[in-house]
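What you see is a predicted model, and the numbers here were worked out from it, not measured in a lab. Numbers here simply count residues along the sequence, with the first being 1.
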Amino acid sequence: MTVASAVIAACVMPPSSAKQSVGAALGSIFGIALLRVRDVGQASFSSLCDKSGKALLHYDVGFPISFNGHTSPKSFDLDVDEKPPVVLSHWDWDHLHAAFLHPHLMECIWIVPDQKLGPGAAHLARILAAKGNLLVHSVSSPTILAWGEIAQAAGPLASANDAGLTISLAVSSGHTVLLTGDADYAFLSHTAQAPVDFLVATHHGARFASGGTAIPSPGSAAGALLLSYGKRNVYRHPHADALRNHRNAGWINQLSTAHTSTGPRGDRTVP
């Protein structure tokens with residue numbers, strides 16, 4: 001076997017190893033009251049929590065890539081005794097890196113998309129598979145739950161961003177939440193696409209190909225667009241065009257985890 005073929009073989013997605021279905025892994029979750037978009041700098045890490053703030057599910061567990069390391073928080077509050085399921089949007093480093101910094105996250109069940117893997121992502125996938133914690137989500141069928149839905153975005157499978165896992169849900173107050181990872185809104189594939197009260201902006205507020213045409217509508221004036229990014233990141237996220245397109249779509253209230261003129265950096269918890 002050549003070196004190239006050995007690397008390719010090592011980066012193949014392992015099969016599911018958890019002894020349960022995605023529905024069973026997530027079906028026992030109840031009492032989701034809060035969305036906490038965690039301040040991890042230029043990365044993505046959100047948690048669905050009960051009314052006391054206990055994490056019931058993580059959506060992405062990212063930390064900045066090395067060249068954006070300067071955006072990392074000085075401290076990071078993560079309870080090592082909390083090991084809820086993790087839904088991974090896609091296999092980019094800034095959406096999974098925290099698992100290597102906080103190894104107890106590897107003890108969680110992970111629901112992941114079936115995508116091509118780089119060496120670092122493949123290493124994590126093999127660790128999770130060996131622990132019996134890997135669940136590869138179906139490409140074609142959404143997972144319907146009492147509190148919401150997990151679906152794979154309908155973009156080209158070669159695009160990790162646009163073919164990632166997204167979550168649509170309602171918290172206990174009745175407010176609706178949409179978590180999109182880095183997917184262009186035009187590729188969302190949820191069975192019901194109604195107005196949303198709290199939208200986590202795709203791709204850290206970067207521009208996206210569909211522009212303003214596919215942005216979900218806000219469900220109420222009390223809702224908000226949440227943006228997870230680190231100040232002075234090398235990608236220059238968020239982009240002014242994306243922010244303007246969201247405002248034009250009705251997302252006037254925009255909350256950032258980064259420091260802005262309206263306040264310091266930090267976690268953003270809604271509703």
Side-chain angles (χ1 to χ4, degrees), residues 21-30 32-37 44 46-49 56-60 84-92 95 110-115 135-157 159-206 208-220 223-228 242 245-246 249-251 270-271:
S21 66
V22 173
L26 302 180
S28 61
I29 295 175
F30 65 94
I32 298 174
L34 304 169
L35 166 65
R36 182 180 181 187
V37 180
S44 179
S46 296
S47 301
L48 301 176
C49 306
L56 303 176
L57 182 147
H58 295 316
Y59 179 71
D60 287 340
V86 174
V87 174
L88 183 68
S89 65
H90 62 295
W91 289 92
D92 277 359
H95 291 250
W110 285 54
I111 293 93
V112 304
D114 188 357
Q115 297 181 329
L135 273 174
V136 182
H137 195 276
S138 168
V139 173
S140 57
S141 302
T143 298
I144 309 297
L145 302 154
W147 45 266
E149 180 185 56
I150 299 173
Q152 185 152 354
L157 294 180
S159 169
N161 286 0
D162 291 332
L165 298 181
T166 64
I167 302 180
S168 173
L169 73 141
V171 297
S172 55
S173 65
H175 289 103
T176 53
V177 174
L178 183 58
L179 299 154
T180 63
D182 286 354
D184 190 316
Y185 301 122
F187 295 123
L188 296 178
S189 61
H190 294 283
T191 53
Q193 297 198 27
V196 178
D197 294 311
F198 296 98
L199 173 65
V200 180
T202 186
H203 206 172
H204 319 281
F208 43 95
S210 65
T213 61
I215 297 173
S217 300
S220 68
L225 178 76
L226 297 109
L227 296 119
S228 178
N245 284 336
H246 282 93
W251 294 101
V270 295

Close side-chain approach of [X] and [Y], heavy atoms under 4.5 Å:
{"X": "Ser89", "Y": "Asp182", "value": "no"}
{"X": "Leu26", "Y": "Ile150", "value": "yes"}
{"X": "Leu145", "Y": "Leu169", "value": "no"}

Treating [X] as the side-chain partner and [Y] as the backbone partner, does any N or O pair qualify as donor plus acceptor under 3.5 Å?
{"X": "Ser217", "Y": "Pro195", "answer": "no"}
{"X": "Asp162", "Y": "Asp184", "answer": "yes"}
{"X": "Tyr59", "Y": "Ser44", "answer": "no"}
{"X": "Thr143", "Y": "Gly23", "answer": "no"}
{"X": "Gln152", "Y": "Ala163", "answer": "yes"}
{"X": "Trp147", "Y": "Ser172", "answer": "no"}
{"X": "Ser21", "Y": "Ala24", "answer": "yes"}
{"X": "Asp197", "Y": "Thr176", "answer": "yes"}

Item checked: Residues which pass ring-ring contact (aromatic ring centres under 6.0 Å, His included) with His95, listed by chain and number, not counting sequence neighbours -> His90, His204
Next item on the list: Enter the distance from Leu179:CG to Ser228:OG here, rounded to the nearest 0.5 Å.
Entry: 11.0 Å
Notebook entry, point to check: When rounded to the nearest 0.5 angstrom, what distance separates OG1 in Thr180 from CZ in Phe208?
Noted result: 9.0 Å
Checklist line | Pairing residues for Ser173 by the side chain to side chain contact (heavy atoms under 4.5 Å, CB included) criterion, not counting sequence neighbours | finding: Val171, His175, Pro271
